[in-house]
K.L.:
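First the structure, which I've put down as structure tokens, then a few questions once you've had a look.
Numbers here are sequence positions counted from 1.
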Amino acid sequence: MRRIAIMNQKGGVGKTTTAVNLAAGLAALGRNVLLVDMDPQANATLALGIEEKQVGDTVFELLLGEATFADARRRIAERFEFIPSCDSLAAAESELSRAEGRGTHLRRAFEAVNGYDYILIDCPPSLGILNVNVLVYVEEVFVPLQCQFFALAGISLLTRAVDVVRRANPSLHISGVIPCMYDARTGLAREVVEEIERVFPTQAFRTRIRNNVRLAEAPSHGKSIFEYAPDSNGAADYMALAREVLDREVPPSPAAAAAPAHLDTAEPAPSPEVRT
């Protein structure tokens with residue numbers, strides 16, 4: 001079972017779009033997939049058509065021990081299950097920060113979970129305690145990056161967070177970098193992809209997620225791109241990405257996936273504190 005965080009501390013990079021559609025694509029290819037919405041904004045929950053009044057138990061109750069995994073789980077489609085989020089999850093930041101073993105709540109809540117080929121987690125755009133819990137639990141991190149200027153700016157903060165959490169979770173590593181919002185008509189997009197591939201030679205996916213209006217429309221209909229517009233470029237790109245993920249049966253090891261040294265030239269920032 002592969003446990004993968006979809007994470008970038010910068011918002012608006014295609015993180016939730018990637019989490020939802022990669023999960024749906026893997027399920028369509030015959031894999032058993034669980035998607036977990038760990039973002040208090042609950043964008044993945046809304047994108048899958050689950051409204052606030054329909055939510056019921058969420059990952060918030062699961063983290064605090066107020067609900068079981070079976071209580072929070074939802075079936076989205078064949079081979080595709082989901083655990084929703086809610087805005088109350090924002091309160092978990094302070095509650096988990098005060099709790100003993102504050103970085104291990106998600107790992108404890110999921111310790112008996114099995115039967116999935118993939119567990120994907122859509123993470124909030126921050127490096128707070130919720131993401132520390134995710135990093136302590138998963139083994140891999142996929143980073144969606146915009147094909148725009150400064151795409152790599154700030155990623156050193158994420159790589160440093162991964163390095164810190166690796167003390168508690170030695171198997172943790174960045175195993176995938178996904179070029180998103182790609183426009184082949186612009187030289188800038190091509191240059192950004194070349195830079196991503198240079199900086200992350202083993203982690204960069206070959207698939208490029210193109211700008212596509214259908215991808216932007218699908219969440220408002222509560223559907224994945226495969227349900228909403230199966231003939232669109234967005235559907236083609238995310239299916240190609242899902243196939244490429246499957247092709248990487250053995251993802252880059254933690255040592256091979258270490259961040260290049262020159263990424264550490266960004267402004268220093270406090271690293272997340274991990275207490276297990």
Side-chain angles (χ1 to χ4, degrees), residues 1-7 15-16 19-20 22-23 26-27 31-48 50 52 54-76 79-142 161-162 164-173 175 272-276:
M1 181 172 69
R2 290 176 66 178
R3 305 190 301 272
I4 304 171
I6 313 295
M7 185 177 291
K15 179 177 57 61
T16 297
V20 168
L22 177 57
L26 290 169
R31 301 311 191 267
N32 294 320
V33 181
L34 174 69
L35 174 62
V36 183
D37 189 352
M38 278 288 288
D39 191 341
Q41 297 179 72
N43 288 334
T45 301
L46 294 171
L48 289 171
I50 302 174
E52 184 176 355
Q54 302 171 322
V55 168
D57 289 321
T58 70
V59 72
F60 173 69
E61 287 79 16
L62 191 56
L63 283 172
L64 298 182
E66 298 174 358
T68 66
F69 178 81
D71 292 332
R73 180 176 53 186
R74 307 285 189 280
R75 182 178 173 85
I76 301 299
R79 298 184 178 274
F80 183 6
E81 295 186 340
F82 179 63
I83 295 180
S85 182
C86 63
D87 56 10
S88 297
L89 187 58
E93 288 275 357
S94 58
E95 294 193 41
L96 294 179
S97 295
R98 296 193 300 268
E100 183 178 354
R102 64 182 194 154
T104 61
H105 287 264
L106 185 66
R107 185 169 68 186
R108 292 200 300 269
F110 278 53
E111 61 185 354
V113 174
N114 53 45
Y116 298 101
D117 298 302
Y118 289 85
I119 295 180
L120 303 181
I121 303 181
D122 185 31
C123 301
S126 69
L127 292 176
I129 193 64
L130 292 175
N131 275 342
V132 169
N133 269 262
V134 174
L135 293 175
V136 168
Y137 171 67
V138 302
E139 294 179 325
E140 301 178 55
V141 179
F142 285 180
V162 168
V164 170
V165 178
R166 194 176 289 134
R167 301 169 193 168
N169 180 7
S171 62
L172 179 68
H173 60 294
S175 62
E273 181 182 0
V274 181
R275 298 181 197 165
T276 58

K.L.:
Please check this pair: side chain of His173 against backbone of Val141, looking for a donor-acceptor N/O pair closer than 3.5 Å.
P.N.:
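Here the side-chain-to-backbone pair does not exist.
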K.L.:
With sequence neighbours left out, what residues match Asn169 under side chain to side chain donor-acceptor pair (under 3.5 Å)?
P.N.:
Ser171
K.L.:
I need the full list of salt bridge (charged side-chain N to carboxylate O under 4.0 Å, His left out) pairs touching residues 112-133, with sequence neighbours left out, sorted by first then second residue.
P.N.:
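Listed once each, the pairs are Lys15-Asp122.
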K.L.:
Can you name the ring pair (Phe, Tyr, Trp, His ring centres under 6.0 Å) partners of Tyr116, sequence neighbours left out?
P.N.:
none
K.L.:
Once salt bridge (charged side-chain N to carboxylate O under 4.0 Å, His left out) is applied, do any residues pair with Arg73, and if so which ones, sequence neighbours excluded?
P.N.:
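If we apply the salt bridge (charged side-chain N to carboxylate O under 4.0 Å, His left out) test to Arg73, skipping adjacent residues, the hits are Glu81.
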K.L.:
Please examine the side chains of Pro40 and Leu130, heavy atoms only from C-beta on, and report whether any two atoms are closer than 4.5 Å.
P.N.:
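Contact flag for Leu130/Pro40 side chains = yes.
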K.L.:
Take Leu22 and Tyr118, measure what side-chain contact (heavy atoms from CB on, under 4.5 Å) needs, and give me the verdict at the end.
P.N.:
CA-CA 10 Å; Leu22 177 57; Tyr118 289 85; over 6 Å; no
K.L.:
Checking Glu61 now: which residues fulfil salt bridge (charged side-chain N to carboxylate O under 4.0 Å, His left out) with it, not counting sequence neighbours?
P.N.:
none
K.L.:
Taking only residues two or more places apart in sequence, or in another chain, which ones meet Leu48 in a side-chain contact (heavy atoms from CB on, under 4.5 Å)?
P.N.:
Val20, Leu35, Ile76, Phe80, Phe82
K.L.:
Please identify each residue that fulfils ring pair (Phe, Tyr, Trp, His ring centres under 6.0 Å) with Phe60, with sequence neighbours left out.
P.N.:
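Phe60 satisfies ring pair (Phe, Tyr, Trp, His ring centres under 6.0 Å) with no other residue.
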K.L.:
Report yes or no: does Asp39 contribute a side-chain atom to a donor-acceptor pair with the main-chain N or O of Pro125 at less than 3.5 Å?
P.N.:
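No, the answer is negative, given that no donor and acceptor are paired below the 3.5 Å cut-off.
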K.L.:
Are any of the side-chain heavy atoms of Leu63 and Leu106 separated by less than 4.5 Å?
P.N.:
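The answer is yes, as the side chains (C-beta and beyond) meet within the 4.5 Å cut-off.
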K.L.:
State which residues pass side chain to side chain donor-acceptor pair (under 3.5 Å) with Thr68; sequence neighbours excluded, sorted by chain then number.
P.N.:
Asp71
K.L.:
Mind checking salt bridge (charged side-chain N to carboxylate O under 4.0 Å, His left out) for Arg79 and listing every partner two or more places apart, or none if nothing turns up?
P.N.:
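For Arg79, no residue satisfies salt bridge (charged side-chain N to carboxylate O under 4.0 Å, His left out) once neighbours in sequence are set aside.
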